[in-house]
Amino acid sequence: MSCEEKKCQCCCEDGQDQQKYDRIAEVIAKYKNKEGSLIQVLHLTQSIYGYLPLDLQKFIAEGMEKPLSEVSGVVTFYSFFATEPRGEHTIRVCLGTACYVRGGKKIVDRLEEILDVKVGGTTKDQKFTFEVARCIGACGLAPAMMIDDVVYKQVNPDKLETILAKY
Ligand code: FES
């Protein structure tokens, strides 16, 4: 690849980021004067950018004329806001009481091995973000887990690789 081509690729990546920041600036301008709109702005920003790194939180704080501590406080309080890039799919293993006593922890341990990532992390290929949940409403068929919106019931740790292969 020539230097010129490399330079062009860098410019394109910067350009994409700039486009996202421009869209976020529009969101901020639209909601700035609406009472209690910070969560809405953060939601929309996350849907545009994918996650909410500190630089972006600063950008929002300045745009909304709010202290950074307020913006960061909301981001860290709600679990649906992410400060790191997320995987294409989200795995949530239930560790509520019913699932825990029926082997939920074994599912977590096996997934940590298969995915080579700890709970809360994202796989190196950015395919899966791995989390735990308190209860996903399938207690009668514990242990349970979810991948995106699909609930898997009576999960057997030996079947996990087959389940993940669908993704
Ligand atoms: S405790 Fe796991 S689904 Fe309810």
Side-chain angles (χ1 to χ4, degrees), residues 13 16-17 19-21 23-24 27-28 30-31 34-57 59-61 64 68-167:
E13 281 170 11
Q16 281 173 5
D17 228 36
Q19 276 179 11
K20 288 177 186 170
Y21 266 79
R23 284 170 61 200
I24 294 162
V27 168
I28 292 170
K30 185 173 170 191
Y31 287 94
K34 291 188 183 156
E35 192 69 24
S37 61
L38 179 57
I39 289 182
Q40 178 75 354
V41 169
L42 290 169
H43 262 302
L44 290 167
T45 300
Q46 185 162 280
S47 67
I48 292 168
Y49 202 81
Y51 66 111
L52 300 167
L54 188 59
D55 279 351
L56 197 43
Q57 291 176 37
F59 182 74
I60 292 168
M64 300 283 290
L68 176 60
S69 57
E70 185 179 337
V71 174
S72 295
V74 173
V75 170
T76 46
F77 184 79
Y78 292 102
S79 60
F80 44 75
F81 291 130
T83 55
E84 309 234 334
R86 293 185 65 85
E88 198 183 327
H89 302 287
T90 301
I91 301 173
R92 289 194 181 91
V93 177
C94 181
L95 283 183
T97 308
C99 290
Y100 190 87
V101 298
R102 289 190 212 160
K105 183 69 171 61
K106 283 188 189 147
I107 295 172
V108 169
D109 293 345
R110 184 72 187 113
L111 278 172
E112 283 187 342
E113 275 173 30
I114 297 172
L115 299 170
D116 192 21
V117 72
K118 294 282 178 202
V119 170
T122 296
T123 54
K124 290 189 191 89
D125 61 3
Q126 304 280 308
K127 189 139 204 166
F128 296 106
T129 292
F130 177 30
E131 298 175 340
V132 294
R134 288 285 163 214
C135 178
I136 56 175
C139 314
L141 292 167
M145 67 177 220
M146 289 179 83
I147 300 183
D148 301 329
D149 295 332
V150 180
V151 178
Y152 292 89
K153 297 165 186 167
Q154 293 184 315
V155 180
N156 177 337
D158 295 335
K159 302 251 169 77
L160 286 168
E161 280 173 298
T162 313
I163 293 171
L164 294 181
K166 296 180 196 165
Y167 298 83

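Bear in mind the structure is a predicted one, so any value in this text is a computation, not a measurement.
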Could you grab the distance from atom [atom1] of [X] to atom [atom2] of [Y], nearest 0.5 Å is fine?
X      : Y      : atom1 : atom2 : value
Gln19  : Ile48  : CD    : CD1   : 11.5 Å
Thr90  : Met146 : OG1   : CE    : 10.0 Å
Met145 : Ile91  : CE    : CD1   : 6.0 Å
Ile136 : Lys153 : CD1   : NZ    : 9.0 Å
Asn156 : Ile163 : CG    : CD1   : 8.5 Å
Glu84  : Leu52  : CD    : CG    : 11.5 Å

> Do the side chain of Thr122 and the main chain of Thr129 share a donor and acceptor less than 3.5 angstrom apart?
Replying inline: no

What are the two closest non-hydrogen atoms of [X] and [Y], and how far apart are they?
X      : Y      : value
Leu44  : Ser47  : O-OG, 2.7 Å
Glu88  : Asp148 : O-OD1, 4.4 Å
Gln126 : Pro85  : OE1-CB, 3.8 Å
Ile60  : Ile28  : CA-CD1, 3.9 Å
Arg102 : Cys139 : NH1-O, 3.6 Å
Ala142 : Cys99  : CB-SG, 3.6 Å

>> Pair Arg110, Glu161 - check side-chain contact (heavy atoms from CB on, under 4.5 Å), show working.
In response: CA-CA 10 Å; Arg110 184 72 187 113; Glu161 280 173 298; 3.3 Å; yes

> After noting the C-alpha distance and the side-chain angles of Ser37 and Lys30, does the key distance pass the side-chain contact (heavy atoms from CB on, under 4.5 Å) rule?
Replying inline: CA-CA 10 Å; Ser37 61; Lys30 185 173 170 191; over 6 Å; no

Heavy-atom count around [X] [atom1] within 6.0 Å, excluding the residue itself: above 12?
X     : atom1 : answer
Lys20 : NZ    : yes
Phe80 : CZ    : yes
Gln40 : CD    : yes
Tyr21 : OH    : yes
Lys34 : NZ    : yes

> Out of Tyr31, Phe81, Tyr49, which residue meets the ring pair (Phe, Tyr, Trp, His ring centres under 6.0 Å) rule with His43?
Replying inline: Phe81

> Taking it one step at a time, do Val71 and Met64 satisfy side-chain contact (heavy atoms from CB on, under 4.5 Å)?
Replying inline: CA-CA 9 Å; Val71 174; Met64 300 283 290; 5.8 Å; no

>> Could you walk me through whether Phe128 and Leu164 satisfy the side-chain contact (heavy atoms from CB on, under 4.5 Å) test, starting with their C-alpha distance in whole Å, then the side-chain angles of each, then the deciding distance to 0.1 Å, before giving a yes or no?
In response: CA-CA 9 Å; Phe128 296 106; Leu164 294 181; 4.0 Å; yes

> Taking side chain as C-beta onward, heavy atoms only, is Thr97 less than 4.5 Å from Cys135?
Replying inline: no

> Are Val108 and Phe130 close enough that some pair of their side-chain heavy atoms sits under 4.5 Å apart?
Replying inline: yes

> In terms of ring plane angle, is the pair Tyr167 and Tyr152 parallel, tilted or perpendicular, where the classes change at 30° and 60°?
Replying inline: perpendicular

